[in-house]
Amino acid sequence: MTRVRFAPSPTGDLHVGGARTALFNWLFARKTGGTFILRVEDTDGARNTEEAAQGILKGLRWLGLDWDEGPDAGGDYGPYFQSQRKAIYDAYLAKLEAAGRVYTEDSGAVRFKFSRTPIKVHDLVCGDVMFAATEEPDMTVRRPDGSYIFHFVNVVDDIEMKMTHVFRGEDHLSNTWKHIDLFNAFGATPPTYAHIPLILNPDGTKMSKRDEGSAVEKSYMNEGFLPEAVFNYLCLLGWTPRTEGEKLSREALVNLFDPAEIHNANARFDMHKCQWFNAQYLRALSAEELLFSCRRFIEKAGYTITDDAVAAAAVYSVKEKVSLLTEIPAWVHYFFRSDYPYEDDVMAKLKAKPENATLLKAAADGFRTLTDWSETTVQSAIEEAAKAHSVKPGALMPLLRFALSGQSRGPGVNTIGHLIGQESTLQRIENTLGLIG
RNA sequence: GACCCCUUCGUCUAGCGGUUAGGACACGUCCCUUUCACGGAUGCGACAGGAGUUCGAUUCUCCUAGGGGUCGCCA
C-alpha cells in the first residue's frame, strides 16, 4: 500500500509549483490505490498564518485534489499540523540523544551529528545520485526555543506517517542526503524519492511568489480558469503521458501516470498554452455547465441574471470566442440590460449612411409580423427584408448587430434576436433609430 | 566558492545508434464565414559547442559553456 503526502508550509498562497507537486503525489496515490495525505508543515511560527493554510486547502480543493488523511479528513496518524506534534518530535529527539547523535550548543540549539560518510540517494527521476561525505557544519534540528527545524520534522513525520514515496520539487534533492542520514540514525528505511523538475518563469528564472501566474487562487481561480484545464496543463509540465493528444481527463491522467516518465529538466510556464487548454475545456462545457462556471464573473461585473435559460444560452453562444471565463461578461452584457452602450465606431457606422435607417425599419417590419420567434424565423425575416431592398443579407446583418447589441462582433444576429425576444428586439431597433436620427 | 540536477523549434515536448528529426502552443498564409471567433489546410522554426566511441551519432562517454538548484536557529 503506497502512502504519499503533500506537505506545504502555510507562509503564502498555493503556488503552481506546489500545486503540481501535490498533483503528482495525488496522481500516484490514485493510480496505485494508495493514500494521499495532506500535512501542514507549520513549524515556523513567525511566518505561518491561518489564512495561508486555509488558502492552500482552498486551492487544492479547487483543483480537485482530495486527501484521504489530513485537515478536515482525519486519519490514524494525526494530528496533521506539525505545530501540534511537539511531543512526537521530543520523543524522536530523545532517540537521537540516546544514540549520541545530537549535542546542545551554548545557545540552546540542538544539532544533529552528520555521519560524514558518502550517501546515495535513489531517485525515481534522477536515478542514483551520490553525495560525498559532507564537510558542512552539523545540522540544527531544534531551535533554542524548543521548536523544530524542517529537515527534522519532515523526516520524523515521514517515518511516523509511514510514507512509502516522496514526490517533491528538485530543489530538495541537494538536501536529501541529510534526510537519509536522519532516517539511518533512527534506524528507519527512507521512502522512495522522486524529485520533480521545477517550474520556471517564461524568462527561465525561478518562479516565485510575486511572479505572474504563480498563485493558484489569484492567477487562476479568480482569473477565469477552469480547474480541470489547469490540472491538465500542470500535469503536462514535466511529464508526457504515453498517449495521443494532450487534452486528458482526470481519470485518463490517473490511469496513464507513471513516475518513470517524469522529466528531469525544468520547464518554463507558458500562460498562452495554459489558456489554450482552458479554451478547449470551456468549449466542451454544456450551456448549463458554462453558466454555472461563469455566473460569479457575470455578477461580479455588475449584471443581473433573471432568466437562467436565457443566460445559459447567451454564454453558450460566445463560448468559442473566449479562452477565460472573465472575458465572458464583456461579450454578453447586452443580454442582461437594455441600456447597453454603443461602441464608438458602431454609432459612426450607423450614422454613415441614410439608408441604414431604412434597412433597420424594414427589418423591424419583418420582425413585427412574425408569430413564431426562433433563430430560424428571425434569420428568414432578415433575409427577406434584405431581398426586398435589393441588398445582401451581409449588408443588413451588421446594422442589426449594432442595433441589438451596440457591438461590432458577437454571436449570430439571429441568435441574439431570438434570445432577447421579439419585443426587446423591436424596442432596441426603435431606440437605435431614435439615436441615429 | 563547493556540491547536485539539467541542455531538441520562441515555449512544452517525441526520439532511447541509421528518421525527410514528429506533435502541441505561439506566429504567418489560405479556406470557411453577416462580424468576432471556432474549425480545416499549409508555412516558418531545433538537436548549445568541442573531443572521443562507432561503419554511422540528436541518441553512448568525457570536457567546456550556459541554465537551474542546494549549502540557515526558512520550508
Side-chain angles (χ1 to χ4, degrees), chain A residues 7-12 18 41-44 46-48 82 105 107-111 121 123 125-127 129-132 134-137 139-154 168-178 195-207 233 236-242 244-247 263-277 279-280 282-283 317-323 331 346 379 382-383 386 391-402 405 407-414 416:
Chain A
S9 174
T11 55
E41 307 216 325
D42 53 350
T43 55
D44 184 355
R47 300 201 303 157
N48 298 141
Q82 291 187 325
E105 298 196 307
S107 65
V110 177
R111 286 186 183 261
V121 175
D123 191 280
V125 174
C126 303
V129 183
M130 285 300 306
F131 289 87
T134 188
E135 291 178 19
E136 283 182 30
M139 171 171 69
T140 301
V141 294
R142 198 184 70 174
R143 303 184 183 93
D145 68 2
S147 63
Y148 291 89
I149 299 299
F150 161 73
H151 300 293
F152 180 83
V153 294
N154 190 267
R168 50 160 50 153
E170 198 217 78
D171 50 342
H172 287 291
L173 182 60
S174 296
N175 281 326
T176 301
W177 64 269
K178 298 175 185 175
H195 286 90
I196 63 184
L198 269 24
I199 296 178
L200 273 26
N201 286 314
D203 66 0
T205 56
K206 187 185 182 186
M207 186 179 264
Y233 176 66
L236 268 38
L237 221 45
W239 170 48
T240 307
R242 302 194 74 82
E244 288 294 311
E246 296 188 326
K247 182 169 177 282
H263 309 160
N264 47 18
N266 295 341
R268 300 180 191 208
F269 190 88
D270 184 352
M271 186 55 89
H272 263 297
K273 188 149 190 180
C274 191
Q275 290 191 7
W276 176 79
F277 268 104
Q280 298 302 307
L282 222 53
R283 286 166 206 149
S317 73
V318 300
K319 67 172 177 162
E320 74 282 354
K321 302 178 189 306
V322 303
S323 56
W331 282 92
V346 159
Q379 178 73 21
I382 295 171
E383 287 169 4
V391 299
K392 292 178 181 174
L396 178 52
M397 292 287 187
L399 302 179
L400 282 168
R401 175 188 306 291
F402 297 161
S405 71
Q407 297 191 166
S408 58
R409 18 149 92 172
V413 173
N414 58 333
I416 298 175

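Here is how names work: the chains are called A, B, and so on, in the same order as the sequence lines, proteins then strands, and each is numbered from 1. Values below: every heavy atom of this structure, side chains too, minus hydrogens, waters and symmetry copies.
Residue A/Thr43 places at least one side-chain N or O under 4.0 Å from the OP1 or OP2 atom of B/A75. One finds no side-chain N or O of A/Arg401 lying less than 4.0 angstrom from the OP1 or OP2 phosphate oxygen of B/U34.
Under a 3.5 Å cut-off, the side chain of A/Asn201 and the backbone N or O of A/Asp203 do not form any donor-acceptor pair. Panel note: side chain A/Tyr233, backbone A/Met271; no donor-acceptor pair is recorded below 3.5 Å. A donor-acceptor distance shorter than 3.5 angstrom exists from the side chain of A/Ser405 to the backbone of A/Arg401, with no hydrogens or angles considered. At least one donor-acceptor pair under 3.5 Å links the side chain of A/Asn266 to the backbone N or O of A/Leu198.
Counting any heavy atom pair closer than 4.0 Å across all strands shown, A/Thr240 reaches sugar-phosphate atoms only and no base atom. Here A/Arg111 lies in heavy-atom contact (under 4.0 Å) with sugar-phosphate atoms only. At a threshold of 4.0 angstrom between heavy atoms, the contacts of A/Gly412 include nucleobase atoms, whether or not backbone atoms are also involved. Among the atoms of the strands shown, base atoms are found under 4.0 Å from some heavy atom of A/Asn175. Here A/Arg242 lies in heavy-atom contact (under 4.0 Å) with sugar-phosphate atoms only. When heavy atoms are screened at a 4.0 angstrom cut-off, A/Pro393 is found touching no nucleic acid atom at all. Using a 4.0 Å heavy-atom distance criterion, A/Gly410 is classed as a base contact.
When distances are taken from the side chain of A/Lys206 to each of B/U70, B/C4, B/C73, the shortest belongs to B/U70. When each of B/U7, B/C74, B/C4 is scored by its nearest atom to the side-chain atoms of A/Ile149, the top-ranked nucleotide is B/C74. The side chain of A/Ala109 lies closest to B/C73 when the candidates are B/C4, B/C74, B/C73. Counting only heavy atoms from C-beta on, A/Leu198 has its side chain closest to B/G69 among B/U13, B/A75, B/G69. Out of B/A75, B/U34, B/U35, the shortest distance to the side chain of A/Arg409 is found at B/U35. Checked against B/U34, B/C3, B/A26, the side chain of A/Trp276 finds its nearest nucleotide in B/A26. In this structure, of B/G69, B/A75, B/C71, it is B/C71 that holds the atom nearest to the side chain of A/Glu136. With B/C5, B/A75, B/C4 as the candidates, the nucleotide lying closest to the side chain of A/Ser9 is B/A75. You'll find that the side chain of A/His172 is closest to B/A75, out of B/A75, B/U70, B/C73. Taking every side-chain heavy atom of A/Val129 into account, B/C5 is the closest of B/C38, B/U13, B/C5.
Checked by distance alone, A/Ser107 brings a side-chain donor or acceptor within 3.5 Å of a matching partner on the base of B/C73. A donor-acceptor contact under 3.5 angstrom links the side-chain atoms of A/Ser174 to the base of B/G69.
Between B/G15 and B/U8, the distance separating the two C1' atoms is 9 Å to the nearest Å. One P atom belongs to B/U59, the other to B/C71, and the distance between them is 33 Å to the nearest Å. Straight-line distance between the P atoms of B/A24 and B/A48: roughly 22 Å, to the nearest whole Å. Comparing B/A26 with B/C9, their C1' atoms sit 12 Å apart, to the nearest whole Å. Distance noted for atom C1' between B/U64 and B/U7: 13 Å (whole Å). Rounded to a whole angstrom, the distance from the C1' atom of B/A75 to that of B/G69 is 15 Å. B/A14 and B/G23 are spaced 7 Å apart, taking the C1' atom of each and rounding to whole Å. A gap of 24 Å separates the P atoms of B/A65 and B/G10, to the nearest Å.
Within the model, atoms CE of A/Met139 and OG1 of A/Thr134 stand 10.0 Å from one another, a figure rounded to the nearest 0.5 Å. With rounding to the nearest 0.5 angstrom, the CG atom of A/Leu173 is 9.0 Å from the CZ atom of A/Arg168.
For the contact set between residues 266-275 of chain A and RNA chain B, defined by any heavy atom under 4.0 Å, the members are A/Asn266, A/Ala267, A/Arg268, A/Asp270, A/His272, A/Lys273.
Partner assigned to B/C44 is none, using Watson-Crick or G-U wobble distances below 3.5 angstrom. The base-pairing partner of B/U59, taking Watson-Crick or G-U wobble contacts with both distances under 3.5 Å, does not exist among the strands shown. Judged by Watson-Crick or G-U wobble contacts below 3.5 Å, the nucleotide B/C32 has no partner. For B/C3, the paired base is B/G69 (Watson-Crick or G-U wobble, both distances below 3.5 Å).
Atom CG in A/Asn154 sits about 17 Å away from atom P in B/G72, given to the nearest Å. Between the CE atom of A/Met397 and the C1' atom of B/C36 there is a distance of 15 Å, rounded to whole Å. When rounded to the nearest whole Å, the span between CH2 of A/Trp331 and C1' of B/C38 equals 12 Å. Across the protein-nucleic acid pair, A/Ile199 atom CD1 and B/G69 atom C1' stand 15 Å apart, rounded to whole Å. Between the CZ atom of A/Arg168 and the C1' atom of B/U70 there is a distance of 12 Å, given to the nearest Å. If you measure from atom CD1 of A/Ile196 to atom P of B/C5, you get 18 Å, rounded to the nearest angstrom. For the pair A/Met207 CE and B/G68 C1', the interatomic distance rounds to 14 Å; values are reported in whole Å. Atom CE of A/Met130 and atom P of B/U70 are 22 Å apart (whole Å).
A/Leu236 places a side-chain heavy atom less than 4.5 Å from the side chain of A/Phe277. Looking at heavy atoms from C-beta onward, A/Glu136 lies in side-chain contact with A/Lys178 at the 4.5 angstrom threshold. Within the 4.5 Å cutoff, side-chain heavy atoms of A/Asn48 are placed close to those of A/Ser9. Taking the side chain as every heavy atom from C-beta outward, A/His151 and A/Val141 never approach each other to under 4.5 Å.
B/C38 adopts a syn glycosidic conformation, its chi angle falling within 90° of 0.
A search for salt bridge (Lys or Arg N to Asp or Glu O under 4.0 Å) contacts involving A/Glu383 returns nothing, not counting sequence neighbours.
Evaluated for a side-chain contact (heavy atoms from CB on, under 4.5 Å) with A/Ile149, the options A/Arg143, A/Arg111, A/Arg142 yield exactly one hit, A/Arg143.
Between A/Leu396 and A/Ala386, the closest heavy-atom pair is CD2-N, 4.0 Å.
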Give me the distances for all protein-to-nucleotides 62-66 of chain B N/O pairs that come in under 3.5 Å?
none

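A residue-by-residue look at A/Arg283 and A/Cys126 shows that A/Cys126 has its nearest nucleotide of RNA chain B further toward the 5' end.
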inquiry  = I'd like to know whether A/Glu246 forms a side-chain contact (heavy atoms from CB on, under 4.5 Å) with A/Gln280, so could you lay out the CA-CA distance, the side-chain angles of the two residues, the decisive distance to 0.1 Å, and finally the verdict.
reply    = CA-CA 11 Å; A/Glu246 296 188 326; A/Gln280 298 302 307; over 6 Å; no
